[in-house]
Amino acid sequence: MLCAALPEATTDWSKWRVFFCDERHVPFDNPECTFSFYKNNLMSKVPLSDEHIFPLNPNVTVAEAADLYIEKLRSVFPGNSLPRFDLLVLGMGPDGHTCSLFPGHPLLNETSRITAAISDSPKPPPCRVTLTYPVINNAACAVFASCGAAKADIVQQVLEGKSEEPLPAARVKPTNGEVIWILDKGAAAKLTSANQKL
Ligand SMILES: O=C(O)[C@H](O)[C@@H](O)[C@H](O)[C@H](O)COP(=O)(O)O
């Protein structure tokens with residue numbers, strides 16, 4: 001979707017800096033590599049230079065890759081304060097995960113790091129690096145896009161559920177920003193009629 005829409009955008013691409021909210025710790029030639037997907041499908045269509053997109057280093061351990069990703073973030077967001085992204089483009093899995101933050105995983109409570117490694121992701125591949133909630137919830141805007149009836153139950157739980165243990169996607173609540181959900185009819189089908197009109 002992004003690869004089709006972004007080339008049509010009227011924007012000053014020299015101002016863009018693109019990071020990955022999460023990335024799989026796999027070689028660049030692995031089809032699961034998100035960076036390579038965007039390199040092949042977007043960067044050929046827009047004037048986004050290599051210096052403005054920040055891949056994960058797949059040639060070190062996943063823990064080292066998470067540390068090196070902090071350095072990359074700090075090259076754009078210097079100092080010690082939390083990075084503040086203008087925009088996070090997020091997906092949500094059928095279990096309510098977002099980024100590589102999975103239900104019940106200890107990383108949901110990570111507050112001391114701005115990136116974290118995970119090596120036991122319930123969704124393969126197991127090794128990934130993810131932004132953590134302090135950064136996610138410091139963004140100016142987080143946009144979720146979910147499509148299809150298969151997402152209807154989890155969308156309803158995340159947006160209308162009252163659980164004391166909110167699902168990972170429900171914990172995305174920027175303290176000084178907004179969350180926008182883009183849903184098709186299928187994904188929105190189980191929301192109350194009031195929310196369907198939003
Ligand atoms: O963790 C991964 O490996 C997935 O990429 C995942 O995070 C994805 O974003 C969601 O499962 C939603 O994906 P869809 O919106 O395409 O269902």
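Whatever order the structure lists ligands and atoms in, that order sets their numbers, starting from 1.
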Please list the nearest protein heavy atom to [atom] with its residue and the distance rounded to 0.1 Å.
atom                    : answer
atom 7 (O) of ligand 1  : H97 NE2, 3.0 Å
atom 1 (O) of ligand 1  : R128 NH1, 2.9 Å
atom 9 (O) of ligand 1  : G91 CA, 4.0 Å
atom 13 (O) of ligand 1 : K151 NZ, 4.1 Å

Any protein heavy atom < 4.0 Å from atom 16 (O) of ligand 1: no
Gap between atom CZ of F144 and atom NZ of K151 - 0.5 Å precision: 11.0 Å
Gap between atom OG of S36 and atom CE of M43 - 0.5 Å precision: 10.5 Å
4.0 Å heavy-atom contact, E32 with ligand 1: no
Taking 4.0 angstrom as the limit and counting only heavy atoms of [X], give me the atoms of ligand 1 inside it, by number and element.
X    : value
R24  : 2 (C), 3 (O), 4 (C), 5 (O)
K123 : 1 (O), 2 (C), 3 (O), 4 (C), 6 (C), 11 (O)
M92  : 10 (C), 12 (C)

Closest non-hydrogen atom pair between H105 and D120, with its separation: NE2-OD1, 2.7 Å
Main-chain N/O of A65 paired with N57 side-chain donor or acceptor, under 3.5 Å: no
Ionic contact status for D67 with K72, cut-off 4.0 Å: no
NZ/NE/NH1/NH2 to OD/OE distance under 4.0 Å, K39 and D50: yes
F20-F54 aromatic ring centre distance below 6.0 Å: no
Polar contact flag for D22 and ligand 1 (N/O pairs, less than 3.5 Å): no
